[in-house]
Amino acid sequence: MAKIIDGKAAAARIRAELAAETALLKERGVIPGLAVILVGDDPASWVYVNHKKLACAESGIYSEEFLLPADTSEDELLALIASLNNRSDISGILPQSPLPPHIDMNAVIQAVSPAKDVDAFHPVNVGRIMRGDYAFLPCTPAGVMALLRAEGVEVAGKNCVVIGRSDIVGKPMAMLMLHADATVTICHSKTKNLKEICRGADILVVAMRRPRFITGDMIKPGAAVIDVGINRDQNDKLYGDVDFKSAEPVAGYITPVPGGVGPMTIAMLMKNTVTAAKMQNALLMN
Ligand code: NAP
């Protein structure tokens, strides 16, 4: 039976720590602020934007939401980002994905000032992640590392397998584990012998967008299994990329979906927003 890692509780602890920190910053006249931009009315994105707004309130962060119609042009969106780059009360800017297809996500990512790029998607911040010289930690991978740390799961020297090589999860995840001295294998849709590779993992991070793909027979007994996947069934019920039912009896540690990595991603976004405010007010060397 695996120890179930409670990401909700860990995220609440981080928000409480941030609330204490932002209270001290307020005494110095600094209030971190996060701008979230949503283009269109994707229902899942609405839910995420609301979660972020609540997390800001709990962490002592000022938040502002920009809810733009689906036919907003790329130029209009870039103009909004340019104005937010220049606002001193906004420390972090987050364009919520997905954006409508007529907007180039790369142009949007590059329009956000690297100093306000709390998602850590801008090429400048991606380069810093490669070097291990972080301004902002990538939110989801940082959330995974924080959960492993909180559970006392040693990463150094371990065989870590990351399934998925996206720019937002798989690649930065592998980098953080490498910087933490793990031996890292990255798998993707062309990987051969996935089951065999997974069975060699002391820590298995699954971010493949394939509902319940990883089953108990693919897991090394006692391994830490981190399920990043978020999938929805017809009734809007959330489940992960790991088949929890067959994986849980084999694993040593496992994250549930929901209540595992998801809340930690938002907590790390809050942390990055506070870091951004400190950097912009020269309260942090970077
Ligand atoms: P993505 O861009 O769709 O990438 C999926 C990755 O999985 C790709 O690299 C793909 O390989 C690989 N893959 C797909 N099928 C595979 C297979 N049969 N065997 C091995 N690898 C396979 O997804 P993403 O943006 O990284 O997100 C991954 C999941 O995490 C999604 O469910 C997403 O909703 C979730 N997510 C959760 C959070 C959170 O806060 N919990 C945050 C972000 C994302 P190729 O590169 O070869 O196509």
Side-chain angles (χ1 to χ4, degrees), residues 5 7 10-11 14 92 94 97 105-106 109-110 112-191 194 197-198 200-209 214 223-230 240-242 253 255 260-276 279 284-286:
I5 300 178
I14 292 170
L94 186 136
S97 63
M105 187 66 187
N106 276 329
I109 286 172
Q110 295 193 39
V112 175
S113 159
K116 297 192 176 186
D117 170 40
V118 284
D119 254 338
F121 289 172
H122 191 285
V124 167
N125 288 319
V126 173
R128 296 188 74 163
I129 292 164
M130 281 288 288
R131 292 169 56 97
D133 157 31
Y134 307 105
F136 304 115
L137 288 162
C139 297
T140 300
V144 171
M145 296 303 279
L147 282 180
L148 292 171
R149 243 189 337 269
E151 293 298 327
V153 176
E154 183 67 54
V155 175
K158 294 292 173 61
N159 281 328
C160 295
V161 172
V162 178
I163 314 181
R165 56 174 165 180
S166 70
D167 290 337
I168 63 165
V169 186
K171 284 181 202 161
M173 185 73 250
M175 266 312 134
L176 294 199
M177 292 188 134
L178 185 64
H179 293 316
D181 294 329
T183 301
V184 185
T185 306
I186 307 175
C187 300
H188 47 77
S189 64
K190 308 292 185 296
T191 297
L194 183 68
I197 297 169
C198 289
D202 302 308
I203 301 173
L204 180 63
V205 181
V206 187
M208 56 197 304
R209 210 181 283 279
I214 299 298
V225 178
I226 307 293
D227 189 354
V228 179
I230 298 180
D241 290 348
V242 175
Y253 299 84
T255 57
V261 176
M264 289 299 282
T265 297
I266 298 182
M268 291 299 143
L269 174 68
M270 300 298 112
K271 203 168 178 167
N272 281 347
T273 304
V274 173
T275 300
M279 275 163 42
L284 195 73
M285 293 303 291
N286 237 299

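Counting from 1, the numbers follow the sequence of the chain as shown.
- Formation of a donor-acceptor pair under 3.5 Å by the Thr255 side chain with backbone atoms of Asp227 is found in this model.
- In summary, of the residues considered (Ile168, Val205, Ile186, Val228), a side-chain contact (heavy atoms from CB on, under 4.5 Å) with Met173 occurs for Val205 alone.
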Between Val242 and Leu204, does a side-chain contact (heavy atoms from CB on, under 4.5 Å) hold up when you go through it step by step? CA-CA 10 Å; Val242 175; Leu204 180 63; over 6 Å; no

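- To the nearest 0.5 Å, atom NZ of residue Lys271 and atom CE of residue Met264 are 8.5 Å apart.
- The minimum heavy-atom distance linking Val162 with Gly170 is given by the pair CG1-O, 3.8 Å.
- Of all non-hydrogen atoms in Gly143 and Met268, the two that sit nearest each other are N-CG, 3.5 Å.
- When all heavy atoms of Val161 and Cys187 are compared, the closest pair comes out as CG1-SG, 3.8 Å.
- The distance from the CG atom of Asn159 to the OG1 atom of Thr185 is 6.5 Å, given to the nearest 0.5 Å.
- Atom CG of residue Leu176 and atom SG of residue Cys160 lie 11.0 Å apart, to the nearest 0.5 angstrom.
- Applying the side chain to side chain donor-acceptor pair (under 3.5 Å) rule to Asp117 yields the partners Asn125; only residues at least two apart in sequence or on another chain are considered.
- Residue pairs meeting the salt bridge (charged side-chain N to carboxylate O under 4.0 Å, His left out) criterion with at least one partner in residues 156-169, sequence neighbours excluded, are Asp167-Lys171.
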Begin from the C-alpha positions of Ile203 and Leu148 and carry the test side-chain contact (heavy atoms from CB on, under 4.5 Å) through to its verdict. CA-CA 9 Å; Ile203 301 173; Leu148 292 171; 4.2 Å; yes

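- For Asn272 (side chain) and Phe136 (main-chain N/O), no donor-acceptor pair under 3.5 Å exists by modelled atom type.
- Although no hydrogens or angles enter the test, the distance criterion places a donor-acceptor pair under 3.5 Å between the side chain of Asp241 and the main chain of Arg209.
- Crowding of Met130 atom CE: a count of heavy atoms from other residues, nucleotides or ligands under 6.0 Å not exceeding 12.
- Using a 4.5 Å cut-off on side-chain heavy atoms (C-beta onward), Tyr134 and Ile129 make contact.
- Listed by first and then second residue, the salt bridge (charged side-chain N to carboxylate O under 4.0 Å, His left out) pairs involving residues 142-157 are Lys3-Glu151 (not counting sequence neighbours).
- Between Cys139 atom SG and Met270 atom CE the span is 8.5 Å, to the nearest 0.5 Å.
- From Met208, atom CE reaches atom CG of Leu194 across 6.0 Å, with rounding to the nearest 0.5 Å.
- Nearest heavy atoms, Ala276 versus Val118: CB-CG1, 4.2 Å.
- Contact of the Leu94 side chain with the Thr273 side chain is not registered, since no non-hydrogen atoms from C-beta on lie closer than 4.5 Å.
- Interatomic distance, His122 NE2 to Asn106 CG, rounded to the nearest 0.5 Å: 10.5 Å.
- Listed here is the closest heavy atom pair of Cys198 and Ile163: SG-CD1, 3.6 Å.
- The shortest non-hydrogen separation linking Pro263 to Gly7 is CB-O, 3.9 Å.
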